[in-house]
Amino acid sequence: MRYLLRRVGFFLLTLWAALTLNFFLPHFMPGSPINTLRAQTKGRVSDAQLTEILTSFGYKPHENIVQQYFNYLGNMVTGNWGVSLGSSLGTPVSKLIGEALPWTLGLVGITTVLAFLLGSLVGTIAAWRRGGVVDSVLPSVFVVTSALPYFVVGLFLILFLTVDNTWLPSSGNYDTSIVPGFSPGFIGSVLKYAALPALTLLITSIGGWVLTMRNNMITTLAEDYIRMGRAKGLSDRKVMLNYAARNAFLPNLSGFAMSIGFVLTGAILVEKIFNYPGLGYQLYNAVQSIDYPMMQTLFMLFTVAVLGALLICDLVTVWLDPRTRAKG
Amino acid sequence: MTTLTSADSAAGPEAPVGPPTAGRRRSRASVWRAFLSNRKANVGFGMFFVLLVMAVFPSLFTSVSDPTAPARFTPRLTPSGAHWFGTTSLGQDIWALFVYGAREPLIIAVVAGGLATIVSVLVGVSAAYLGGIPDDVISFITNVVLVIPTFPLVIVLSAYAGKPTLTIMVAVLVVTGWSYGANQMRAQALSLRNRDFLESARVRGERRSYIIVFEMLPTMISLIIANFLGAALYSVLAAAGLQFLGLGDPNSDSWGTMLYWADSQSALESGTAWWAILPAIGIAVLGVAFALMNYAFDEISNPALRPVRRQRVKKLGTRRRPTRTPATLGGGAGNE
């Protein structure tokens, strides 16, 4: 119990630290948002209006910074995230994020889980058949793929797998000539458009899991209880999965949680290459148009996602691993 | 960034810790020997060396001396004897851009990776050495930096900084890249703290700074190198990603910037595909070089991971080795 409370405490403290960082960064950076905005809107919007827009997302240079800070914290928590200053000037940030979120959740969520499970399986087999074909070839291959940048893999997939943009499309999230809805045509189109971005994320993220799992397995296989399992005459499969993999898997869980953050990171580049309208693409656009409210909110959401995943994994680990319970 | 980092040597005595002086010198030599005899390390180092030569002596590879100058040649030439990989739609020689573009990524890798490693060592070792409340505070800060998603932070930071210069970019990469190593260094230093040879140094009455620098650090050398390789890899990929997104100096000559221009001029669709392919290969090769050397260091510091033909399977049961190679930079380490 004390362990859990400590984890929740860490979650809250870290979240607060990230939010604080997020607030103070723009205040201490060179350049003034009002000048940037003036240059960007090229006189189409009057200074008074500019100030009003900036005020609406919490930029009040004349107000007490402490008060601003607390207002900001309140707004972040209540979802009052201001309006976008980007191409869709004036649209509430929360609305734009609501539109983009499902696409990223689908793409990143599914590929992360898939990479984790597939990678762990391959790693298990590689370590189990030490010295076999899988074990001698794959580690090198995966060291290489996991060092490839997302955008390099994406570029090469576009180069080799998109033929006239009809077989596997390289841009967008679904065929716009199809009316969205729960029709087979639309779902098929969504899957087809997600194929290349998903493949890019899969190729670059699976290697890490294979190597981690292989290394954990090798450690676990040296344990006495594995010998005991063998000595008891259990089938190889049972020893491999129930005795070794089960225990080698646990330390990976928190890595899995962290990796959600890294896949989100990759999603920024992948979504940009494939013009996939998720959160990563939003962040790219926000940076291009110096959309501070959007940037701040997205950064906050990415942090919450990683922290939340970590917390959930801690809970799951406590549930699965009696040793952590004993510690607390 | 998907990065391989060295085995988490938190709980095990696997680092080459020898008795004072003579033994430690020997262990350092054996790290070097192991590195030389490791095939992954050789391949990685070979790749790195070729790029290094290209970055230091670009004039050996191309006769064009100012590759970024626009409109020097006819735009969109197809590959030929005069222009091996054609020209860009801005009239630059693609091969020359590529050759000169090797410099910046290498500088970023070495400088940002090196600085991040130095910060990791300083923070990690001092946390372990000070102990008590200072350790708690330092560890908490390290863990916070560790779990905050780095790349979005880098993007936001660079956006606030305007188009960042090389110095700012390196600074941003160091600020976001030290935490993982610091955690590892702290763990390693903690496990060293009460070893006999440090105890004897303390009894001899050596100063703290002397003990840390001359007694402790030499025993951590393989972990430090592995960390540097990991940090360098992270820096290469993050910097290239930033430049690709247009968050670098658009006038600089580097592979990331080259990709940015290629992408914004639709190089793949407009017949100048090499404009995008060459820098992509360059970044990939540099990244792979660091990753291979890094993995080789994992194998050196944790013999159980080595390819089996050098070590019999039967031997596996001899010793318990807690290993965790996080899948990603910082992966799995934020859990304490």
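Chain naming here is simple, since letters A, B, ... match the order of the sequence lines and numbering starts at 1 in each. What's counted below: heavy atoms across the whole structure, side chains too, no hydrogens, waters or symmetry copies.
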Discussion item. For a 4.5 angstrom cut-off between non-hydrogen side-chain atoms, does B:Pro152 reach A:Leu298?
Written reply: no
Worksheet item: Is there a side chain to side chain contact (heavy atoms under 4.5 Å, CB included) between B:Tyr295 and A:Val144 once you walk through the steps?
Response: CA-CA 10 Å; B:Tyr295 195 76; A:Val144 169; over 6 Å; no
Which one of [options] has the most heavy-atom pairs closer than 4.5 Å to chain A?
| options | value |
| --- | --- |
| B:Pro279, B:Gly287, B:Gly241, B:Ala289 | B:Gly241 |
| B:Val156, B:Leu153, B:Val154 | B:Leu153 |
| B:Val285, B:Ile155, B:Val145 | B:Ile155 |

Discussion item. Within this structure, what is the CD1-CG distance for the pair B:Ile148 and A:Leu307, rounded to the nearest 0.5 Å?
Written reply: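 Rounded to the nearest 0.5 Å, the CD1-CG separation comes to 7.5 Å.
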Worksheet item: What pairs with B:Phe48 under ring-ring contact (aromatic ring centres under 6.0 Å, His included), at least two apart in sequence or on another chain?
Response: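 If we apply the ring-ring contact (aromatic ring centres under 6.0 Å, His included) test to B:Phe48, skipping adjacent residues, the hits are B:Phe290.
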Worksheet item: By ring-ring contact (aromatic ring centres under 6.0 Å, His included), which residues pair with B:Trp261, not counting sequence neighbours?
Response: none
Fill in: Residue part contacting chain A, namely of B:Ile141, when any heavy atom lies under 4.5 Å
neither
If I measure from the heavy atoms of chain B, does [X] come under 4.5 Å with its side chain, its backbone, both, or neither?
| X | answer |
| --- | --- |
| A:Ala17 | side chain |
| A:Leu21 | side chain |
| A:Ile273 | side chain |
| A:Leu155 | both |

Worksheet item: How are the rings of A:Phe151 and B:Phe244 set to each other: parallel, tilted or perpendicular (split at 30° and 60°)?
Response: parallel
Discussion item. Restricting to non-hydrogen atoms, name the atom on A:Val306 and the atom on B:Val147 that form the minimum distance, rounded to 0.1 Å.
Written reply: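 So the minimum-distance heavy-atom pair works out to CG1-O, 3.5 Å.
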Response to the item:
Looking only at heavy atoms, the pair that brings A:Pro149 and B:Ala284 closest together is CD-CA, 4.2 Å
Response to the item:
Greatest number of non-hydrogen atom pairs under 4.5 angstrom with chain B, of A:Val152, A:Asn22, A:Val210, falls to A:Val152
